[in-house]
Amino acid sequence: MKHNQLKAFPEDFFWGGSTSAYQVEGAWDEDGKGPSVIDMANHVEGVTDFKVTSDHYHMFKEDVALMAEMGFKAYRFSIAWTRIYPQGAGEVNQKGIAFYNSLIDELIKYGIEPIVTMYHFDLPYALEKQGGWSKRETIDAFEQYAKTLFENFGDRVKYWLTINEQNMLILHPGSIGTLDTSLENPQKVLYQQNHHMLVAQAKAMVLCHEMLPDAKIGPAPNIGVIYPASSKPEDTLAADNYAAIRNWLYLDMAVFGRYNHIAWSYLVEKGYEPVIEEGDMEILAKGNPDFIAFNYYTSQTVGESLNDGNDFSHTGDQHEIVGEPGAYRGSVNPNLQKTKFGWEIDPVGFRSTLRQIYSRYHLPLIVTENGLGAFDKLEEGDVVSDPYRIDFFKKHIEQIQLAITDGVEVFGFCPWSAIDLVSTHQGSSKRYGFIYVDREEFDLKDLRRIRKQSFYWYQKLISTNGEIR
């Protein structure tokens, strides 16, 4: 749809940025923090681990000051479960509570709204050794963890996200580095874990509404429009299959409290359907999120499954493959450009995704990740030129405004990432931030913070509430 005049961004729009604890904090074993599955995972050869990352744990005041200088209205970050409960449950680590109290207070000092992700891939390793999300006891541990967060930070945190990219944890567990490859039927186990996570999420949302009546809480999956590879009806059917399995399974459960019927038929057909215990569906029906947060990087394209052994296609990420024999065949979109890392760039697909989510659920939306990973270079005079990132954001922010003009209720944009951090797969060389962190894969150098060209561009954009791009 063409619009003669675009609606302005809301006056109170949350312009900001995002990070996650394990990718930015460092201090992986300091002040009582226990190990997470990320800390104990096998890391990609040739790239750094997550022990120091950007050392935000020790440098958060400088980082927050830079965010304030950019004009951030909000900062979306995650809390490390193992800083609060080093063993996943049991005794609370007061030093962990103190760190996040300090971070939240620093944000509020500058008028930056804290948006807190409760769980971002980093399950406590002590729980994993006991079976992790395969065990229902982890639901109880998550509920207790949520209660502790609400008790300690709920007086200042008004926006909560439950589980980051739960769909990616299930669809691409190898990309997070936490898949148990010794399992006889890993998919069956994964979808049982998924069910337990969904129950845990619902319990956290119920608890939030009970304990913090003025707060808001929502899920944070990775959602992207799914295109059929052609106009062939079978390809369109395959795209419907994949959209249900990748997107709507997670949001239908969060919002409606029920399994998406297409996704459920897939689980039954494959023998992946989880055991649902008495009372689970009643709990799931009570979740009722206040908004939907979602991460968007790219769209995806699929075609009819031919069951010929060639249904799988790489997404551009070295660990992520799309395809499911009998359901859909991974494909590429010849109409899209790609990043240096092989991810397809699709700003228009962003608008379509916003429209699809809002049309389906009619809840306010906030974008909690969107960004461009690149090999940024520090030049003489502390100059980091990243016009490619500016161009990426210009095109995507334009599509947000078009979606708003379409009638979609969007209240924030927190791209990935506020500052450089360690990428899950490509280490510290793959940079996303507005702020350059001076380190290399195995040389920490001085970890100095340096404003990129995109820093100044985003600063100007925020100051005009998105008018100047």
Going by atom types alone, do [X] and [Y] pair a side-chain donor with an acceptor below 3.5 Å?
X    : Y    : value
S18  : E369 : no
Y242 : Q300 : yes
Y361 : D252 : yes
S20  : Q23  : yes
Y75  : T19  : yes
N247 : R360 : no

*In a check of salt bridge (charged side-chain N to carboxylate O under 4.0 Å, His left out) between D376 and each of R431, K452, K430, which one passes?*
K452
*Among R449, R448, K377, find the one that has a salt bridge (charged side-chain N to carboxylate O under 4.0 Å, His left out) with D382.*
R448
Does [Y] offer a backbone N or O that forms a donor-acceptor pair with the side chain of [X] under 3.5 Å?
X    : Y    : answer
Q453 : D386 : yes
Q401 : K7   : yes
R439 : T53  : yes
R246 : A244 : no
N465 : P10  : yes
D420 : G433 : yes
S299 : G224 : no
H196 : W133 : yes
T298 : E344 : yes
Q192 : V275 : yes

Should we say atom [atom1] of [X] is surrounded by more than 12 heavy atoms from elsewhere, each under 6.0 Å from it?
X    : atom1 : result
E379 : CD    : yes
K460 : NZ    : no
Q87  : CD    : no

_Name of the residue among L198, L249, N222 meeting side-chain contact (heavy atoms from CB on, under 4.5 Å) with Q166_ = L198
_By the definition side-chain contact (heavy atoms from CB on, under 4.5 Å), identify the one residue from D346, I345, T339 that meets it with W343._
T339
Flag the pair [X] / [Y] as yes when at least one side-chain heavy-atom distance between them is below 4.5 Å, and no otherwise.
X    : Y    : result
M67  : F434 : no
L267 : P274 : yes
L461 : I397 : yes
L103 : H56  : yes
T148 : V92  : yes
D122 : T82  : no
I79  : L149 : yes

Taking the ring of [Y] and the ring of [X], is the distance between their centroids below 6.0 Å?
X    : Y    : answer
F375 : F341 : yes
F150 : W160 : yes
Y191 : H195 : no
F72  : F14  : no
Y145 : Y119 : no
F60  : F99  : yes
F411 : F291 : yes

Can you classify the ring geometry of [X] versus [Y] as parallel (below 30°), tilted (30 to 60°) or perpendicular (above 60°)?
X    : Y    : answer
Y296 : F350 : parallel
Y259 : W264 : tilted
W457 : F393 : parallel

To check you understand the geometry: which heavy-atom pair defines the closest contact between [X] and [Y], and what is its length?
X    : Y    : result
N152 : N101 : O-OD1, 3.7 Å
L123 : G132 : CD2-CA, 3.8 Å
N167 : Y250 : CB-CE1, 3.2 Å
K95  : D31  : CB-O, 3.5 Å
A204 : I217 : O-CD1, 4.0 Å
G26  : R83  : O-NH2, 2.9 Å

_Quick test of your reading: applying side-chain hydrogen bond (donor to acceptor under 3.5 Å, both in side chains), list the pairs with at least one residue in residues 202-211, sequence neighbours left out, ordered by first then second residue._
H209-D290
Nearest-0.5 Å distance, [atom1] of residue [X] to [atom2] of residue [Y]:
X    : Y    : atom1 : atom2 : result
I115 : Y159 : CD1   : OH    : 7.5 Å
D406 : R355 : CG    : CZ    : 4.5 Å
L363 : I292 : CG    : CD1   : 5.0 Å
S359 : L354 : OG    : CG    : 10.5 Å
S423 : F50  : OG    : CZ    : 7.5 Å
E91  : Y85  : CD    : OH    : 10.0 Å

*Under the ring pair (Phe, Tyr, Trp, His ring centres under 6.0 Å) rule, what do W81 and F142 come out as? Steps first, then yes or no, please.*
CA-CA 9 Å; W81 189 340; F142 186 77; 5.6 Å; yes
*Is any NZ, NE, NH1 or NH2 atom of the basic residue among K147 and E151 found under 4.0 Å from an Asp or Glu carboxylate oxygen of the other?*
yes
*Answer yes or no: is there an ion pair linking K395 with E398, defined by an N-O contact shorter than 4.0 Å?*
no
_Pairs touching residues 155-168 that satisfy salt bridge (charged side-chain N to carboxylate O under 4.0 Å, His left out), sequence neighbours left out_ = D105-R156
*Listed by chain and number, what are the side chain to side chain donor-acceptor pair (under 3.5 Å) partners of D55, not counting sequence neighbours?*
H58
*Could you tell me whether K73 sits above the aromatic face of W15, with NZ or CZ closer than 6.0 angstrom to the six-membered ring centre and within 45 degrees of the axis?*
no
*asked:* Tell me whether the NZ or CZ atom of R389 lies within the 45° cone about the ring axis of F392 and under 6.0 Å from its centre.
replied: no
